[in-house]
Asker: 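Here you go, one structure.
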Amino acid sequence: MKIKVAVFFGGESVEHEVSIISAKQAMEALDPEKYEIIPIYISKSRDFYCGEELRDLSQYKDMKALLAKVPQVSLIKREQKVYIEPVKRGLFTKPINTIDVAIPVVHGTNGEDGTLQGYLEMLKLPYAGCDVIAAGVGQDKVMMKHILENSKIPMTPWFWLYAHEFDSKKDEYIKKAKKLGYPLVLKPACLGSSVGIVIAHNEEEFVAGIEETGSFDFKVVVEKMVPNLREINASVLGSCFSAQVGELEEVAKNDEILSYKDKYQGGSKSTKDTSGSKGMASTSRIVPAPVSEEETKKIKELALDVFKVLGSSGVCRIDFMMDGETHKIMVNEINTIPGSLAFYLWSPMGIDFTKLMDELVKVALDRHRRKEKMTFSYDTNLLENYSESGSKGSKGAKR
């Protein structure tokens, strides 16, 4: 019997379209001999849809027409099974299908940040990737940096602020920025794909940048820009019990940082993709990254450290920054659901996209089995002998 695998994608984040492309690739990579593949699209208004038409990218050119073809659905848990049921139900309407394993391929807010993972936890549905806490921490750069800093993971100097407090504390933050030293990189705390990132070369650009970056998130991360920046990425696959690191890549860029245009709209043309695989985006990359054996070893060790410290699971991508002159290596961030699931970093290791998807299903089922053996509640009912009369609270009456 085939395992029923539901791939969740879309969502309301700015990375909505990127998610659709990543999910398309993931569904094509799943072995149809082993799995029954179920696409579940999450619209920008957070409605769920299910239907085979959702696997055809050309259908998304007319979103209104596409959503008229496929039923809006909800997930219902009954008798330890999760059913996909149409929202518009008649007297004899049957469930569309059931789900054995979920694979979230939702990038960004309300999908990659633990929101969807929490929903799947409530359904007791095995799912691939990071759990609620690891997903939330991985999405919030402020929380992530605090944890990495506490674990002595090397990073570029930084601070953070609430955008709405900037005007009332402007002098304080300008002093912090000056102490850090320009140029500075300003980032929304909880977005990815280089959305909302600003480089400030002076105080005027810093003040303007806070307003721009703050329009994408409540929290703004301010980092010292790494000189002669080289961006090296590593992918980690597994869980806290067992994990491995794939091949390294160096990412090309046109500007001081890799922009959204570079990543997804063919903005970078200076370097060819030598990975031998067609990725989701048109980002130019060199695989393997042209770094020394010693640097490769250090980056891979750090990648495993970050993966474990943050409690990650599934397949992640950890992004590093290297000073082109000193070759100092610093961790930038973790992507808990990377674009294309970073499959192109595993192909050189003998793990093609299909094997990668197999591993994600295995990790999901393994975690679920381990959690089933854990104690989350006691088989008792404290309310059996509870009486409102004479009770002054759950801790009993004061004496």
Side-chain angles (χ1 to χ4, degrees), residues 7-30 39-46 48-49 54-63 66-67 102-117 128-130 135 138-141 187-197 216-217 231 233 235 249 251-255 257-268 273 275 277-285 314-319 332-346 353 356-357 360:
V7 177
F8 290 75
F9 60 99
E12 65 176 338
S13 86
V14 293
E15 300 171 271
H16 179 94
E17 288 77 15
V18 180
S19 170
I20 295 172
I21 298 170
S22 290
K24 162 72 171 176
Q25 292 177 313
M27 286 186 283
E28 287 183 345
L30 282 164
I40 297 186
Y41 167 73
I42 306 172
S43 71
K44 291 184 178 181
S45 58
R46 303 195 202 183
F48 285 29
Y49 294 85
L54 295 167
R55 297 182 62 176
D56 182 358
L57 277 184
S58 66
Q59 297 279 342
Y60 291 88
K61 293 178 180 179
D62 188 341
M63 189 65 75
L66 171 59
L67 298 187
I103 299 183
V105 190
V106 183
H107 304 309
T109 310
N110 292 322
E112 192 174 355
D113 58 3
T115 306
L116 178 58
Q117 290 78 4
C130 289
Q139 184 69 13
D140 189 323
K141 295 179 180 66
K187 301 177 180 178
C190 298
L191 286 184
S193 293
S194 300
V195 175
I197 293 182
F216 290 94
D217 201 330
E231 296 186 46
N233 299 336
S235 180
E249 68 169 340
V251 186
K253 57 189 183 300
N254 282 338
D255 304 313
I257 58 172
L258 186 69
S259 67
Y260 185 94
K261 181 180 179 182
D262 284 332
K263 286 183 177 180
Y264 304 120
Q265 297 176 340
S268 182
D273 183 346
S275 65
S277 302
K278 290 186 177 181
M280 162 198 59
S282 53
T283 301
S284 296
R285 56 176 66 92
V315 63
C316 299
R317 196 188 72 230
I318 292 97
D319 299 348
N332 183 17
E333 63 185 16
I334 186 170
N335 291 272
T336 56
I337 305 179
S340 294
L341 300 182
F343 79 88
Y344 50 88
L345 296 180
W346 292 99
F353 207 161
L356 178 64
M357 298 305 293
L360 289 181

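Computed from heavy atoms alone, side chains included, the values below leave out hydrogens, waters and symmetry copies.
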Asker: If you round to the nearest 0.5 Å, how far is CG of Leu360 from CD1 of Ile103?
Answerer: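 Between Ile103 CD1 and Leu360 CG, I get 5.5 Å after rounding to 0.5 Å.
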Asker: Kindly say whether Gly111 contributes a backbone atom to a donor-acceptor pair with the side chain of Asp113 at under 3.5 angstrom?
Answerer: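 At least one qualifying donor-acceptor pair exists.
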Asker: Any heavy-atom pair between the side chains of Asn233 and Ile318 that's under 4.5 Å?
Answerer: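 Of all side-chain heavy-atom pairs linking Asn233 with Ile318, none is under 4.5 Å.
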Asker: How many angstroms lie between OH in Tyr344 and CZ in Arg285, if you round to the nearest 0.5 Å?
Answerer: 4.0 Å
Asker: Say whether, by atom type as modelled, one donor and one acceptor occur between the side chain of Ser43 and the main chain of Ser45 under 3.5 angstrom.
Answerer: yes
Asker: Using only heavy-atom distances, determine whether the side chains of Asn332 and Lys141 contain a donor-acceptor pair under 3.5 Å.
Answerer: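 Per modelled atom types, Asn332 and Lys141 side chains form no pair under 3.5 Å.
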Asker: Nearest 0.5 Å, please: how far is CD in Gln139 from OG1 in Thr115?
Answerer: 8.5 Å
Asker: Report yes if the side chains of Pro39 and Met27 come closer than 4.5 Å at any heavy-atom pair, otherwise no.
Answerer: yes
Asker: Are the side chains of Leu66 and Tyr49 in touch, meaning some heavy atoms are under 4.5 Å apart?
Answerer: no
Asker: Taking all non-hydrogen atoms of both residues into account, name the closest pair between Pro188 and Gly196 and its distance.
Answerer: CD-O, 3.5 Å
Asker: Between atom CD1 of Ile20 and atom CZ of Arg55, what is the distance when rounded to the nearest 0.5 Å?
Answerer: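 Those atoms lie 15.0 Å apart.
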Asker: Is a side-chain donor-acceptor pair under 3.5 Å present for Ser22 with His107?
Answerer: yes
Asker: Do the non-hydrogen side-chain atoms of Val106 and Glu112 ever get within less than 4.5 Å of each other?
Answerer: no
Asker: Does any part of the side chain of Gln25, heavy atoms only, come nearer than 4.5 Å to the side chain of Leu341, both counted from C-beta?
Answerer: no
Asker: Can you tell me if Glu231 uses its side chain to pair, donor with acceptor, with the backbone of Glu249 under 3.5 Å?
Answerer: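 Looks like no, no N/O pair under 3.5 Å.
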Asker: Taking atom CD1 of Ile42 and atom CZ of Phe48, what is their separation to the nearest 0.5 Å?
Answerer: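 Reported to 0.5 Å precision, the distance equals 4.0 Å.
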Asker: Do Val105 and Phe8 have side chains that approach each other closer than 4.5 Å (heavy atoms only, starting at C-beta)?
Answerer: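 In short, these two side chains do not touch, never coming nearer than 4.5 Å.
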Asker: Examine distances only and state if a side-chain atom of Thr109 and a backbone atom of Ser13 form a donor-acceptor pair shorter than 3.5 Å.
Answerer: no
Asker: Taking the six-membered ring where the residue is Trp, are the ring centres of Phe9 and Tyr41 under 6.0 Å apart?
Answerer: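 Yes, the ring centres sit under 6.0 Å apart.
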Asker: Looking only at non-hydrogen atoms, find the nearest pair between Ala128 and Pro104 and report the distance.
Answerer: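 That closest heavy-atom pairing would be O-CD, 3.4 Å.
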Asker: Does Ile337 offer a backbone N or O that forms a donor-acceptor pair with the side chain of Asn335 under 3.5 Å?
Answerer: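 Answer holds: no.
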Asker: Among Glu15, Glu12, Glu17, find the residue that satisfies the salt bridge (charged side-chain N to carboxylate O under 4.0 Å, His left out) test when tested with Lys44.
Answerer: Glu17
Asker: Tell me, do Phe343 and Val315 make a side-chain contact under 4.5 Å, heavy atoms counted?
Answerer: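 Side chain of Phe343 against side chain of Val315, heavy atoms only: no contact under 4.5 Å found.
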Asker: List the steps, then state whether side-chain contact (heavy atoms from CB on, under 4.5 Å) holds for Cys316 with Ser235.
Answerer: CA-CA 6 Å; Cys316 299; Ser235 180; over 6 Å; no
Asker: Would you say Arg317 and Ile334 make side-chain contact, with heavy atoms under 4.5 Å?
Answerer: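 Not touching, per the 4.5 Å side-chain cut-off.
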